[in-house]
Amino acid sequence: MPNILAIETSCDETAAAVFTDEPRILSNVVASQTELHARFGGVVPEVAARAHLQRLLPIVDEALARANLRLEDIGCIAVHNTPGLVGALLVGVSAAKVLALVLDVPLIAVNHIESHIYAARLAAERDIFPCVGLVVSGGHTVLFHCRDALRFDLLGGTLDDAAGEAFDKVASLLGLGFPGGPAVEREAAGGQADAVKLPRSFLHDERLDFSFSGLKTAVLYALAGQSQPRPEPPPPSQRRADLAASFQKAVVDVLVAKSSQALRRTGLKRLAVGGGVAANGCLRSALEAMARDEGAELFIPPLSLCTDNAAMAAVAVEKWRRNEWASLALDAVPSWTPSPAT
Ligand code: KG4
Ligand code: ZN
(Lines give C-alpha, C1' and ligand atoms only; values in the text may rest on other atoms or scores of the structure.)
(Ligands and ions follow the chains in the order given, each with its own letter.)
Protein backbone atom coordinates (compact mmCIF):
# COMPACT_ATOMS: atom_id res chain seq x y z
CA MET A 1 0.00 0.00 0.00
CA PRO A 2 1.32 3.48 -0.83
CA ASN A 3 1.77 6.37 1.58
CA ILE A 4 -1.59 8.15 1.73
CA LEU A 5 -1.87 11.90 2.33
CA ALA A 6 -5.24 12.86 3.87
CA ILE A 7 -6.83 16.29 4.09
CA GLU A 8 -9.54 17.55 6.46
CA THR A 9 -11.17 20.99 6.14
CA SER A 10 -14.84 20.27 6.91
CA CYS A 11 -15.27 22.86 9.66
CA ASP A 12 -12.77 24.94 11.61
CA GLU A 13 -9.74 22.68 11.78
CA THR A 14 -7.24 22.65 8.93
CA ALA A 15 -5.63 19.23 9.05
CA ALA A 16 -3.38 16.88 7.10
CA ALA A 17 -2.03 13.44 7.92
CA VAL A 18 0.10 10.79 6.30
CA PHE A 19 -0.49 7.07 6.84
CA THR A 20 0.08 3.74 5.23
CA ASP A 21 -1.03 0.13 5.62
CA GLU A 22 -2.30 -1.44 8.89
CA PRO A 23 -3.07 1.62 9.17
CA ARG A 24 0.09 3.21 10.54
CA ILE A 25 -0.01 6.96 11.17
CA LEU A 26 3.22 8.66 10.08
CA SER A 27 2.10 12.20 10.88
CA ASN A 28 -1.01 14.04 11.98
CA VAL A 29 -1.07 17.85 11.95
CA VAL A 30 -4.06 19.94 13.04
CA ALA A 31 -4.30 23.73 12.96
CA SER A 32 -7.27 24.95 14.92
CA GLN A 33 -9.02 28.18 13.91
CA THR A 34 -10.57 28.68 17.36
CA GLU A 35 -8.91 32.08 17.85
CA LEU A 36 -10.38 33.35 14.56
CA HIS A 37 -13.97 32.44 15.44
CA ALA A 38 -13.97 33.13 19.19
CA ARG A 39 -14.91 36.79 18.87
CA PHE A 40 -17.95 35.83 16.78
CA GLY A 41 -19.09 33.27 19.34
CA GLY A 42 -19.18 30.45 16.78
CA VAL A 43 -17.73 29.23 13.49
CA VAL A 44 -18.23 31.74 10.66
CA PRO A 45 -18.27 29.69 7.43
CA GLU A 46 -16.64 32.37 5.24
CA VAL A 47 -13.88 32.98 7.74
CA ALA A 48 -13.28 29.22 8.03
CA ALA A 49 -12.99 28.77 4.26
CA ARG A 50 -10.55 31.67 3.87
CA ALA A 51 -8.39 30.42 6.71
CA HIS A 52 -8.29 26.92 5.19
CA LEU A 53 -7.14 28.49 1.95
CA GLN A 54 -4.25 30.25 3.68
CA ARG A 55 -3.23 27.40 5.93
CA LEU A 56 -3.78 24.16 4.06
CA LEU A 57 -0.60 23.97 1.97
CA PRO A 58 1.75 24.82 4.88
CA ILE A 59 -0.08 22.17 6.94
CA VAL A 60 0.37 19.62 4.14
CA ASP A 61 4.10 20.52 4.01
CA GLU A 62 4.35 20.05 7.75
CA ALA A 63 2.58 16.68 7.64
CA LEU A 64 5.04 15.54 4.95
CA ALA A 65 8.04 16.86 6.89
CA ARG A 66 6.95 15.14 10.10
CA ALA A 67 6.49 11.89 8.17
CA ASN A 68 9.96 12.39 6.71
CA LEU A 69 8.57 12.19 3.20
CA ARG A 70 8.40 14.33 0.07
CA LEU A 71 5.33 14.90 -2.06
CA GLU A 72 6.70 12.45 -4.66
CA ASP A 73 6.57 9.71 -2.00
CA ILE A 74 2.78 10.01 -1.77
CA GLY A 75 0.89 7.38 -3.75
CA CYS A 76 -2.71 8.31 -2.92
CA ILE A 77 -4.69 11.35 -1.74
CA ALA A 78 -7.68 11.03 0.63
CA VAL A 79 -10.07 13.83 1.52
CA HIS A 80 -13.14 14.32 3.67
CA ASN A 81 -15.69 15.55 1.12
CA THR A 82 -18.86 15.21 3.26
CA PRO A 83 -20.53 16.40 5.50
CA GLY A 84 -19.46 19.88 6.59
CA LEU A 85 -19.51 23.55 5.66
CA VAL A 86 -19.57 23.70 1.89
CA GLY A 87 -17.01 26.49 1.46
CA ALA A 88 -14.66 24.85 3.95
CA LEU A 89 -15.00 21.40 2.35
CA LEU A 90 -14.39 22.87 -1.10
CA VAL A 91 -10.92 24.06 -0.12
CA GLY A 92 -9.86 20.56 0.93
CA VAL A 93 -11.56 18.83 -1.98
CA SER A 94 -10.02 21.21 -4.56
CA ALA A 95 -6.54 20.84 -3.07
CA ALA A 96 -6.91 17.05 -2.98
CA LYS A 97 -7.99 16.90 -6.60
CA VAL A 98 -5.11 19.09 -7.77
CA LEU A 99 -2.61 16.99 -5.80
CA ALA A 100 -4.03 13.74 -7.21
CA LEU A 101 -3.90 15.21 -10.71
CA VAL A 102 -0.34 16.56 -10.61
CA LEU A 103 1.05 13.51 -8.79
CA ASP A 104 -1.02 11.23 -11.02
CA VAL A 105 -2.18 9.14 -8.06
CA PRO A 106 -5.63 7.83 -7.03
CA LEU A 107 -8.07 9.97 -5.07
CA ILE A 108 -10.22 8.57 -2.26
CA ALA A 109 -13.31 10.36 -0.92
CA VAL A 110 -13.92 9.80 2.78
CA ASN A 111 -17.03 10.46 4.84
CA HIS A 112 -16.15 12.55 7.91
CA ILE A 113 -18.69 10.74 10.10
CA GLU A 114 -17.37 7.28 9.20
CA SER A 115 -13.92 8.66 9.99
CA HIS A 116 -15.01 9.66 13.50
CA ILE A 117 -15.83 6.00 14.19
CA TYR A 118 -12.63 4.90 12.50
CA ALA A 119 -10.67 7.05 14.98
CA ALA A 120 -11.73 4.49 17.61
CA ARG A 121 -10.44 1.68 15.37
CA LEU A 122 -7.14 3.54 14.94
CA ALA A 123 -6.70 3.97 18.68
CA ALA A 124 -7.60 0.34 19.34
CA GLU A 125 -4.95 -0.87 16.86
CA ARG A 126 -7.11 -3.92 16.14
CA ASP A 127 -10.40 -4.72 14.48
CA ILE A 128 -13.44 -3.36 16.34
CA PHE A 129 -16.17 -4.30 13.85
CA PRO A 130 -19.02 -5.16 13.99
CA CYS A 131 -19.93 -2.68 16.70
CA VAL A 132 -22.43 -0.06 17.76
CA GLY A 133 -21.05 3.33 16.72
CA LEU A 134 -21.94 6.57 18.48
CA VAL A 135 -20.88 9.80 16.77
CA VAL A 136 -21.25 12.88 18.93
CA SER A 137 -19.91 15.91 17.12
CA GLY A 138 -20.81 19.53 16.56
CA GLY A 139 -23.11 18.73 13.66
CA HIS A 140 -24.16 15.12 14.28
CA THR A 141 -25.44 12.84 17.00
CA VAL A 142 -25.97 9.43 15.47
CA LEU A 143 -26.09 5.79 16.52
CA PHE A 144 -25.05 3.22 13.96
CA HIS A 145 -24.86 -0.49 13.60
CA CYS A 146 -21.37 -0.56 12.06
CA ARG A 147 -21.18 -3.83 10.17
CA ASP A 148 -17.65 -3.07 9.04
CA ALA A 149 -15.46 0.01 8.66
CA LEU A 150 -17.52 1.26 5.72
CA ARG A 151 -20.96 -0.27 6.14
CA PHE A 152 -23.02 1.65 8.67
CA ASP A 153 -26.76 1.21 9.23
CA LEU A 154 -28.55 4.04 10.98
CA LEU A 155 -30.11 3.10 14.33
CA GLY A 156 -31.11 6.59 15.38
CA GLY A 157 -30.07 10.21 15.45
CA THR A 158 -30.96 13.61 16.72
CA LEU A 159 -34.23 15.13 15.61
CA ASP A 160 -32.98 18.66 16.23
CA ASP A 161 -29.68 19.88 17.74
CA ALA A 162 -26.55 17.75 17.80
CA ALA A 163 -24.99 17.13 21.24
CA GLY A 164 -21.99 19.34 20.46
CA GLU A 165 -24.27 22.06 19.15
CA ALA A 166 -26.22 21.94 22.43
CA PHE A 167 -22.95 22.29 24.38
CA ASP A 168 -21.99 25.28 22.22
CA LYS A 169 -25.39 26.96 22.57
CA VAL A 170 -25.56 26.42 26.33
CA ALA A 171 -22.01 27.75 26.66
CA SER A 172 -23.18 30.86 24.86
CA LEU A 173 -26.27 31.18 27.12
CA LEU A 174 -24.03 30.88 30.18
CA GLY A 175 -21.56 33.41 28.78
CA LEU A 176 -18.77 30.84 28.64
CA GLY A 177 -17.56 31.67 25.16
CA PHE A 178 -16.38 29.52 22.28
CA PRO A 179 -15.62 26.66 21.83
CA GLY A 180 -18.48 25.71 24.08
CA GLY A 181 -17.93 22.04 24.90
CA PRO A 182 -14.63 22.33 26.76
CA ALA A 183 -15.83 25.57 28.43
CA VAL A 184 -18.99 23.89 29.77
CA GLU A 185 -16.95 20.93 30.98
CA ARG A 186 -14.54 23.22 32.87
CA GLU A 187 -17.42 25.21 34.40
CA ALA A 188 -19.29 22.00 35.33
CA ALA A 189 -16.32 20.85 37.42
CA GLY A 190 -17.30 23.43 40.05
CA GLY A 191 -21.04 22.68 40.01
CA GLN A 192 -23.54 20.12 41.30
CA ALA A 193 -25.02 17.89 38.60
CA ASP A 194 -28.28 17.49 40.56
CA ALA A 195 -28.70 21.18 41.37
CA VAL A 196 -31.07 21.96 38.50
CA LYS A 197 -33.74 19.58 37.27
CA LEU A 198 -33.47 19.37 33.48
CA PRO A 199 -35.30 17.20 30.91
CA ARG A 200 -33.86 14.05 29.34
CA SER A 201 -35.74 13.62 26.06
CA PHE A 202 -36.73 10.11 24.92
CA LEU A 203 -34.93 8.55 27.88
CA HIS A 204 -37.60 5.88 28.32
CA ASP A 205 -38.60 5.77 24.67
CA GLU A 206 -38.09 2.69 22.48
CA ARG A 207 -36.64 4.81 19.70
CA LEU A 208 -32.91 5.32 19.54
CA ASP A 209 -33.34 8.99 18.66
CA PHE A 210 -32.20 12.10 20.49
CA SER A 211 -33.52 15.60 21.02
CA PHE A 212 -31.47 18.32 22.71
CA SER A 213 -33.29 21.52 21.81
CA GLY A 214 -35.77 21.26 24.73
CA LEU A 215 -32.86 20.81 27.10
CA LYS A 216 -31.24 23.96 25.78
CA THR A 217 -34.50 25.89 26.27
CA ALA A 218 -34.83 24.48 29.80
CA VAL A 219 -31.36 25.85 30.58
CA LEU A 220 -32.49 29.22 29.26
CA TYR A 221 -35.57 29.22 31.56
CA ALA A 222 -33.53 28.01 34.51
CA LEU A 223 -31.10 30.83 33.86
CA ALA A 224 -33.86 33.44 33.83
CA GLY A 225 -34.96 31.80 37.04
CA GLN A 226 -37.51 34.42 38.15
CA SER A 227 -40.31 31.89 38.35
CA GLN A 228 -38.41 29.91 40.97
CA PRO A 229 -37.63 32.24 43.85
CA ARG A 230 -35.12 30.83 46.29
CA PRO A 231 -34.80 31.90 49.89
CA GLU A 232 -31.08 32.30 49.52
CA PRO A 233 -30.07 32.55 45.88
CA PRO A 234 -26.58 31.21 45.33
CA PRO A 235 -24.14 33.65 43.76
CA PRO A 236 -24.39 33.83 39.96
CA SER A 237 -21.07 32.06 39.43
CA GLN A 238 -22.19 29.06 41.50
CA ARG A 239 -25.51 29.06 39.68
CA ARG A 240 -23.66 29.02 36.38
CA ALA A 241 -21.48 26.11 37.44
CA ASP A 242 -24.55 24.21 38.69
CA LEU A 243 -26.34 24.80 35.39
CA ALA A 244 -23.30 23.67 33.42
CA ALA A 245 -22.98 20.50 35.53
CA SER A 246 -26.71 19.74 35.38
CA PHE A 247 -26.81 20.30 31.63
CA GLN A 248 -23.73 18.14 31.04
CA LYS A 249 -25.21 15.35 33.16
CA ALA A 250 -28.52 15.50 31.24
CA VAL A 251 -26.72 15.11 27.89
CA VAL A 252 -24.50 12.33 29.22
CA ASP A 253 -27.45 10.42 30.75
CA VAL A 254 -29.25 10.36 27.40
CA LEU A 255 -26.17 9.43 25.33
CA VAL A 256 -25.30 6.61 27.71
CA ALA A 257 -28.87 5.28 27.96
CA LYS A 258 -29.34 5.24 24.20
CA SER A 259 -25.95 3.59 23.62
CA SER A 260 -26.83 0.89 26.10
CA GLN A 261 -30.23 0.41 24.41
CA ALA A 262 -28.45 0.12 21.05
CA LEU A 263 -26.11 -2.56 22.42
CA ARG A 264 -29.06 -4.56 23.71
CA ARG A 265 -31.12 -4.06 20.55
CA THR A 266 -28.31 -5.25 18.24
CA GLY A 267 -26.92 -7.88 20.62
CA LEU A 268 -23.45 -6.43 19.94
CA LYS A 269 -20.86 -6.29 22.69
CA ARG A 270 -18.69 -3.51 21.28
CA LEU A 271 -19.29 0.21 21.39
CA ALA A 272 -17.14 2.66 19.39
CA VAL A 273 -17.49 6.36 20.15
CA GLY A 274 -16.17 9.34 18.20
CA GLY A 275 -16.60 13.06 17.61
CA GLY A 276 -15.67 16.14 19.62
CA VAL A 277 -18.10 15.51 22.49
CA ALA A 278 -16.36 12.17 23.09
CA ALA A 279 -13.54 14.29 24.54
CA ASN A 280 -15.84 15.06 27.48
CA GLY A 281 -14.54 13.44 30.66
CA CYS A 282 -17.98 13.03 32.26
CA LEU A 283 -19.25 11.22 29.14
CA ARG A 284 -16.14 9.03 28.92
CA SER A 285 -16.39 7.80 32.49
CA ALA A 286 -20.17 7.25 32.27
CA LEU A 287 -19.71 5.22 29.07
CA GLU A 288 -16.96 3.18 30.71
CA ALA A 289 -19.25 2.35 33.64
CA MET A 290 -22.13 1.45 31.34
CA ALA A 291 -19.94 -0.74 29.11
CA ARG A 292 -18.70 -2.57 32.21
CA ASP A 293 -22.29 -3.21 33.34
CA GLU A 294 -23.27 -4.42 29.88
CA GLY A 295 -20.18 -6.63 29.57
CA ALA A 296 -19.28 -4.70 26.41
CA GLU A 297 -15.95 -3.44 25.12
CA LEU A 298 -15.68 0.33 24.81
CA PHE A 299 -13.52 1.85 22.07
CA ILE A 300 -13.04 5.54 22.56
CA PRO A 301 -10.07 7.40 21.08
CA PRO A 302 -7.73 9.70 22.99
CA LEU A 303 -8.85 13.33 23.03
CA SER A 304 -6.65 14.34 20.06
CA LEU A 305 -8.42 11.80 17.83
CA CYS A 306 -11.94 12.71 19.08
CA THR A 307 -11.96 16.22 17.66
CA ASP A 308 -11.50 16.85 13.95
CA ASN A 309 -8.25 15.63 12.41
CA ALA A 310 -7.05 14.00 9.19
CA ALA A 311 -5.57 10.81 10.68
CA MET A 312 -9.09 9.46 11.19
CA ALA A 313 -9.42 9.54 7.39
CA ALA A 314 -7.23 6.41 7.54
CA VAL A 315 -10.51 4.62 6.85
CA ALA A 316 -9.21 5.33 3.33
CA VAL A 317 -6.99 2.24 3.66
CA GLU A 318 -10.19 0.14 3.74
CA LYS A 319 -11.34 1.87 0.57
CA TRP A 320 -7.95 1.30 -1.03
CA ARG A 321 -8.28 -2.42 -0.33
CA ARG A 322 -11.69 -2.38 -2.04
CA ASN A 323 -10.51 -0.25 -4.99
CA GLU A 324 -13.02 2.46 -4.13
CA TRP A 325 -11.56 5.44 -5.98
CA ALA A 326 -13.13 8.84 -6.51
CA SER A 327 -13.02 10.61 -9.86
CA LEU A 328 -11.63 14.09 -10.36
CA ALA A 329 -15.26 15.23 -10.64
CA LEU A 330 -15.54 14.71 -6.86
CA ASP A 331 -17.62 17.40 -5.20
CA ALA A 332 -17.99 18.78 -1.70
CA VAL A 333 -21.31 17.59 -0.27
CA PRO A 334 -22.36 19.62 2.78
CA SER A 335 -25.13 17.39 4.10
CA TRP A 336 -25.21 13.66 4.50
CA THR A 337 -28.06 11.42 5.61
CA PRO A 338 -27.12 7.93 6.73
CA SER A 339 -29.21 5.04 5.44
CA PRO A 340 -31.55 3.30 7.87
CA ALA A 341 -30.98 -0.30 8.96
CA THR A 342 -32.60 -2.84 6.63
O1 KG4 B 1 -16.07 16.37 15.91
P2 KG4 B 1 -15.83 17.81 16.12
O3 KG4 B 1 -14.43 18.25 16.45
O4 KG4 B 1 -16.29 18.65 14.88
C5 KG4 B 1 -17.43 18.31 14.14
O6 KG4 B 1 -17.31 17.41 13.27
O7 KG4 B 1 -18.48 18.90 14.44
O8 KG4 B 1 -16.83 18.25 17.27
C9 KG4 B 1 -16.90 19.57 17.70
C10 KG4 B 1 -17.90 19.64 18.84
C11 KG4 B 1 -18.17 21.06 19.30
O12 KG4 B 1 -19.56 21.24 19.38
C13 KG4 B 1 -17.50 21.13 20.65
O14 KG4 B 1 -18.13 22.02 21.55
C15 KG4 B 1 -17.65 19.69 21.14
O16 KG4 B 1 -17.39 18.92 19.98
N17 KG4 B 1 -16.66 19.37 22.18
C18 KG4 B 1 -17.00 19.03 23.44
C19 KG4 B 1 -15.79 18.87 24.16
N20 KG4 B 1 -14.75 19.11 23.29
C21 KG4 B 1 -15.31 19.41 22.08
N22 KG4 B 1 -18.20 18.86 24.01
C23 KG4 B 1 -18.22 18.53 25.32
N24 KG4 B 1 -17.10 18.38 26.08
C25 KG4 B 1 -15.88 18.54 25.54
N26 KG4 B 1 -14.78 18.38 26.29
ZN1 ZN C 1 -16.01 16.05 13.18
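All values below come from the heavy atoms of this structure, side chains included, with hydrogens, waters and symmetry mates left out. Note that this is a predicted model, so its numbers are computed, not measured. Just follow the structure's listing: the first ligand is 1, and inside any ligand the first atom is 1.
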Would you mind reporting whether [Y] and [X] have side-chain heavy atoms less than 4.5 Å apart?
X: Ile108; Y: Glu324; value: no
X: Leu208; Y: Phe202; value: no
X: Leu174; Y: Leu243; value: yes

Structural part of Asp168 in contact with ligand 1, heavy atom criterion under 4.0 angstrom: side chain
Ligand 1 versus His140: contacting region, heavy-atom distance under 4.0 Å: neither
Of all N/O/S atoms in Asp308, the name of the one nearest the Zn ion (ligand 2): OD1
Shortest-distance N, O or S atom of His116 relative to the Zn ion (ligand 2): NE2
Residues Arg322 and Asp148 bridged, charged N to O under 4.0 Å: yes
N-O pairing of Arg284 and Glu288 below 4.0 Å: no
Side-chain H-bond candidate by donor/acceptor type, Ser211 with Asp160, under 3.5 Å: yes
Minimum non-hydrogen distance to atom 2 (P) of ligand 1, winning option of Asp308, Leu85, Leu283: Asp308
Heavy-atom nearest neighbour of atom 21 (C) of ligand 1 within options Ser10, Pro179, Gly276: Gly276
Within the 4.0 Å heavy-atom shell around [X], which atoms of ligand 1 are there?
X: Thr307; answer: 3 (O)
X: Gly139; answer: 7 (O)
X: Gly164; answer: 12 (O)
X: Glu185; answer: 24 (N), 25 (C), 26 (N)
X: His112; answer: 6 (O)
X: Gly275; answer: 1 (O)
X: His116; answer: 1 (O), 6 (O)

Metal site the Zn ion (ligand 2): N/O/S of His112 inside 2.8 Å: yes
Contact check: His140 to the Zn ion (ligand 2), N/O/S below 2.8 Å: no
To check your reading of the model: name the closest protein heavy atom to [atom], its residue, and the distance in Å.
atom: atom 7 (O) of ligand 1; answer: Gly138 N, 2.8 Å
atom: atom 24 (N) of ligand 1; answer: Asn280 ND2, 3.0 Å
atom: atom 22 (N) of ligand 1; answer: Gly181 CA, 3.3 Å

Cation-pi geometry met for Arg147 and Phe129 (6.0 Å, 45°): no
Residue pair Ala311 / Leu305: nearest heavy atoms and the distance that separates them: CB-CD2, 4.2 Å
From CD1 (Ile7) to NZ (Lys97), nearest 0.5 Å: 12.5 Å
Verdict with supporting geometry, Asp308 and Ser10, side chain to side chain contact (heavy atoms under 4.5 Å, CB included): CA-CA 9 Å; Asp308 288 347; Ser10 69; 4.1 Å; yes
Trace of the side chain to side chain donor-acceptor pair (under 3.5 Å) decision for Gln248 with Asn280: CA-CA 9 Å; Gln248 178 175 259; Asn280 184 278; 2.9 Å; yes
